Structures are given as C-alpha cells and as structure tokens.
Amino acid sequence: MSETKTPALQYRFDGPEDAPVLILGPSLGTTWHMWDRQVPELTQQWRVFRFDLPGHGGAPAYPAGSVAELAERLLVTLDGLGVQRFGYAGCALGGALGIELALRHPERIASLALIAASPRFGTADEFRQRGVIVRTNGLDPIARTSPDRWFTNGFAAAQPAITEWAVQMVRTTDPGCYIAACEALASFDVRSQLAGVVVPTLVLVGSDDQVTGPAEARTLVAGIPDARLAVVPGASHLVPVEQPAAVTDLLVRHFSTAWQPAYDSTTGQMAIVAAPVKPVLAPVPSQPAPIAEIAPAVVPHQTTGRADPYDAGIKVRREVLGDAHVDRALAQADDFSGDFQELITRYAWGEVWGRPGLDRRARSCVTLTALVAGGHLDELAFHTRAALRNGLTPDEIKEVLLQAAVYCGVPAANSAFKVAQKVIREETTPEE
C-alpha cells in the first residue's frame, strides 16, 4: 500500500545558519536567480531561502494547478527543514503565494513583502489563453516576448545579456508546469479576503509595470490593514532585476522594522502591538529614490453565497467558456431569456459539467461530437475554444472531428472542420 506524498520544492539557503529565515519567492517563468542581486546584502541579517517553482530552473516537473497547492508544497519543504517561522517576499506569482500563506497560515509569517503582485492577475481568460498557446506552440513564443513584459524598453536595450538570460530562463521551463502555473493564476482571486492579511506588509511595484502596475498595488494597500506602498521609478514587472539596489534597500528597511513577534509557546498567544496609521515609506537620499505612496484603507465587501448548483455552475461555466463569453451571454439576457440563462448555468454547468465522473477533456470530446451531430456550428465555435482551454490539442480536436465524420456524417464534419480550423488559428497564433 503506497502513500502519495506532497513533493518538496527545489531550494537553496544562503547566509548564517542561526539568523532568522527570509524567503524569496520567484515569478512565473523565472528561477531563484532573479534574486541574485539582493542576496549579498540580505544575508547580512537573514538566512535567505530561495526556491524554484515546479519545472523551473531544472526543478522536478510536478505541476501544481493552484496557488494553494504551491503553498502546501512550500510548507512541506520548510517543515522538513525545521523552519517554522519566516519573513516572506514574493514577486508576481511568488507574491500570490505570499498572500495565500498570510491568509491561511498567518502564524508562520513574521512579515510580508508583495512585489509586482495583485489580488487578481488580469483575467482568467488571459492566462488560460496563454496555456493554449504554450500547449500548441511550446514556450518559445512566450520566451521571446517575456522581456517586453518584464523590463522597460531602455533597460532591455541597454542590458542585452540580461534580456537573453530572461528569454532562456523561460525557454528552459517545463511546458506542463508553466501551463499549470497559468491555471493557478487564472483561478487566483482574493479581492474579498485582503482584510484577512494581518501581518505587516510592504507592497512594492515598478512605476512602469504594465502587467501588475501601481493600480493593482494600491488595491492591495487599500485592502490589507497594515500595509504600505513603495513605487520604484524606472522599473517594469521584474523590478528586483531592473532596479536591484532600490528593491534591496526597501526590503532591508521593511524586514528590519516590521518583524512581528512569534507566538508565545507557553501561552499560545502573541503580543499584539496596535497598528499605527499607515506610514509613509520615506526614501533614503543617498539611494535611488523609490517613491512611496499610501492608499486609503477600504473594507472590502464580503459576499456570502448559498449552497446552490448555480454558484458552482457559474464558476465552471466561466472556467470552461471564458469570462468574456459568459459576460456577453449574461449581459444580453433580458426578461424573456434570463430564465434560460439561469437554467443552463444551474443544470448544464452546475449539475452536469460539475460532476466528477468525467474530466473536462472528456466532456469537451463528447460535447464537440454532439454539436457536430446536431449541426450547431455557432456553439461548436465557442466549444472548440473551450476544448483548447480544457487541455485538448489541435491534433486531438482533429481526431474528434474525424471520428464524428464516421458516425455523424461527412457533410456535418466538413462544416465542423471549417469552424474549428478558424477558431484554432485564432486561439493558437501567438501575438507578435
């Protein structure tokens, strides 16, 4: 009888063994080397722990499809090393991981820094579309465009070696693990939970970040009770690489002054110091001048839901068909068609698509075949998109349509091939 174990993460330590542990979490497509320029100064006060995401940097390729699963793997790794309490700084996906840890395991975190992070990263459609492109074309198209997302134009032009390093870092990532990480970001949304982050938090963002920019950073600061915001000028998404000195200075000052005391092992309680009004993080004149801002605190609206197939159905429907499609369908509903939209959401998506008996790949195969048989070409188009999101490759969709030609008729399959071919070209052609 075998027991399935949670796989540990690939990691490394730097710094004195008796120092408090500070964890640095990487961004999607990067390795622990993105933090190389921060390590020399951070190790003067902390034992720095860096890790690679699954399939990144040569790490074992065990895909993790959610941020919660990544958090579990990190904690399993730390538990095996005897690390119970730590400071945590994470960039982008690494920042999402930090929020997850702070929400679910606040007793483990002494202080938190969120870099180029967001309570929700873009839209689920964007990340699932990226997964379709990688599944069809490999990682090369994503790798070639990564410098455009990560760096300002001036930095990329002035630092060709770093730009090429970034491309190769993405190119050598395991595609399956990259796709799983995209799915993790697609499903990550903690906008209504930010008030539950109760550790001292620094939110740090590049002024020119077009991926998760200052607007997303201000949302974090507004929602987290004890948070302050630093905007680093002249930096884009991968700000620790583009402005290493400014980021290092900000991290040192934050973790030096906002390290929350541990729980008292004898009483099980922790001394709570009243949180001050959110402080302005003033720049040090001799260093590159990070701009500090403070956003007003807002208490997020808390929503409650009932146990109803509709709630599960709308979630599954969005995951399979995409937010844009579902938003259009719901926006077009009126008094005449609204009941029908509720019907299919509750029963088709909540009751049937939500059943565990078949995975979504299998359900897509069945659905495509049924649509070909019925001649429903309009629905075939958006279910072809859904099939790509659910993990079917263009070759597998072709096989489904060939099978349908035998059992549903050649004319029906001929029309279906035209529809599916157009959709596949649109969905799998990388943006230049």
Side-chain angles (χ1 to χ4, degrees), residues 10 12 14 24-43 48 50-53 55-59 89-95 115-117 121-122 126-127 129-130 133-134 136-175 177-179 181-182 185 204-214 217 230-251 287-291 429-432:
Q10 177 171 283
R12 66 173 290 168
D14 295 281
L24 302 179
S27 174
L28 173 62
T30 72
T31 72
W32 64 43
H33 289 294
M34 67 164 283
W35 297 103
D36 281 352
R37 299 285 294 278
Q38 280 72 47
V39 168
E41 188 164 348
L42 293 180
T43 50
V48 174
R50 288 183 283 172
F51 64 93
D52 280 326
L53 298 168
H56 291 58
C91 182
L93 176 53
I115 301 168
F121 289 77
E126 292 168 359
F127 282 101
Q129 169 71 11
R130 193 186 297 187
I133 289 173
V134 173
T136 307
N137 303 284
L139 272 166
D140 188 65
I142 302 295
R144 286 188 282 106
T145 57
S146 289
D148 297 334
R149 294 188 297 274
W150 287 354
F151 306 127
T152 59
N153 292 337
F155 180 86
Q159 300 287 346
I162 293 179
T163 301
E164 180 58 24
W165 161 79
V167 170
Q168 292 304 322
M169 194 163 44
V170 178
R171 189 173 279 151
T172 55
T173 298
D174 176 78
C177 289
Y178 189 96
I179 292 168
C182 286
L185 286 172
L204 193 158
V205 66
S207 61
D208 301 323
D209 189 343
Q210 302 301 309
V211 181
T212 49
V231 181
V232 178
S236 187
H237 191 57
L238 218 58
V239 58
V241 175
E242 191 162 4
Q243 292 290 349
V247 170
T248 303
D249 176 63
L250 288 164
L251 293 180
Q287 297 290 338
I291 302 171
T429 302
E431 294 182 3
E432 295 298 331

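All values below were derived from every heavy atom in this structure, side-chain atoms included, with hydrogens, water molecules and symmetry-related copies excluded. Model, not experiment: these values are computed from the prediction.
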**Student:** Check whether any side-chain N or O of Thr145 sits under 3.5 Å from a backbone N or O of Ile142 as a donor-acceptor pair, and report yes or no.
**Tutor:**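 Indeed, once roles are kept as given, a pair shorter than 3.5 Å links the two residues.
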**Student:** Is there side-chain contact between Arg50 and Val39, with heavy atoms separated by less than 4.5 Å?
**Tutor:**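 When only atoms from C-beta onward are counted, Val39 and Arg50 do touch, with a gap below 4.5 Å.
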**Student:** So, the side chain of Thr173 versus the backbone of His56: is there a donor-acceptor pair under 3.5 Å, distance only?
**Tutor:**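 Side chain of Thr173 to backbone of His56: no pair is present.
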**Student:** Just verifying a value: how many Å separate His33 NE2 and Met169 CE, rounded to the nearest 0.5 Å?
**Tutor:**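 Spacing of NE2 (His33) from CE (Met169) equals 9.5 Å.
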**Student:** Where does the angle between the aromatic ring planes of Phe121 and Phe127 fall among parallel (under 30°), tilted (30 to 60°) and perpendicular (over 60°)?
**Tutor:** perpendicular
**Student:** Does the side chain of Leu53 reach to within under 4.5 Å of the side chain of Pro26, using non-hydrogen atoms?
**Tutor:** yes
**Student:** Would a 4.5 Å heavy-atom cut-off, applied to side chains only, mark Asn137 and Pro430 as touching?
**Tutor:**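 Heavy-atom side-chain distance check passes, below 4.5 Å.
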**Student:** Just by modelled atom types, is the Thr248 backbone N or O under 3.5 Å from a matching donor or acceptor in the Glu41 side chain?
**Tutor:**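 Absent.
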**Student:** Does Gln243 use its side chain to pair, donor to acceptor, with the backbone of Val232 at less than 3.5 Å?
**Tutor:**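 Side chain of Gln243 to backbone of Val232, a donor-acceptor pair under 3.5 Å: no, none is there.
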**Student:** Does Thr152 reach the main-chain N or O of Gly234 with its side chain, forming a donor-acceptor pair under 3.5 Å?
**Tutor:**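 Side chain of Thr152 to backbone of Gly234: no pair is present.
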**Student:** Can you tell me how far the CG atom of Leu185 sits from the CG atom of Leu93, to the nearest 0.5 Å?
**Tutor:**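 These two atoms lie 4.5 Å from each other.
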**Student:** Determine the minimum heavy-atom distance between Pro240 and Cys91, stating which atoms define it.
**Tutor:**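 Shortest heavy-atom contact: CD-SG, 4.3 Å.
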**Student:** What pairs with Phe151 under ring-ring contact (aromatic ring centres under 6.0 Å, His included), at least two apart in sequence or on another chain?
**Tutor:** Phe155
**Student:** What's the spacing between Met34 CE and Leu238 CG if we round to 0.5 Å?
**Tutor:** 4.5 Å
**Student:** So with a 6.0 Å cut-off around CZ of Arg171, is the heavy-atom count from everything else above 12?
**Tutor:**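 It does: Arg171 CZ has more than 12 such atoms within range.
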**Student:** If we only count heavy atoms from C-beta on, is the Asp14 to Trp35 side-chain gap below 4.5 Å?
**Tutor:**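 No - every pair of side-chain heavy atoms lies 4.5 Å or more apart.
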**Student:** Does the side chain of Leu24 reach to within under 4.5 Å of the side chain of Leu42, using non-hydrogen atoms?
**Tutor:**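 Contact flag for Leu24/Leu42 side chains = yes.
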**Student:** Are more than 12 heavy atoms, taken from residues, nucleotides or ligands other than Asn153, located less than 6.0 Å from that residue's CG atom?
**Tutor:**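 It does not: Asn153 CG has 12 such atoms or fewer within range.
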**Student:** Tell me whether Arg37 contacts the main-chain N or O of Pro244 through its side chain, where contact means a donor paired with an acceptor under 3.5 Å.
**Tutor:** no
**Student:** Measure from the side-chain N and O atoms of Thr31 to the backbone N and O of Asp52, and report whether any donor-acceptor pair falls under 3.5 Å.
**Tutor:** no
**Student:** Calculate, to the nearest 0.5 Å, the distance between atoms OG1 and CD1 belonging to Thr212 and Ile115 respectively.
**Tutor:** 10.5 Å
**Student:** Is Gln210 reaching over with its side chain to a backbone N or O of Asp208, donor-acceptor style, under 3.5 angstrom?
**Tutor:**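 Yes, Gln210 side chain to Asp208 backbone: donor-acceptor pair under 3.5 Å.
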**Student:** For the residue pair Tyr178 and Leu139, establish whether any side-chain heavy-atom pair is separated by less than 4.5 Å.
**Tutor:**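 Yes. Closest side-chain heavy atoms under 4.5 Å.
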**Student:** Assess, by modelled atom type and distance only, whether the side chains of Glu242 and Ser236 contain a donor and an acceptor separated by less than 3.5 Å.
**Tutor:**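 No donor-acceptor contact under 3.5 Å links the two side chains.
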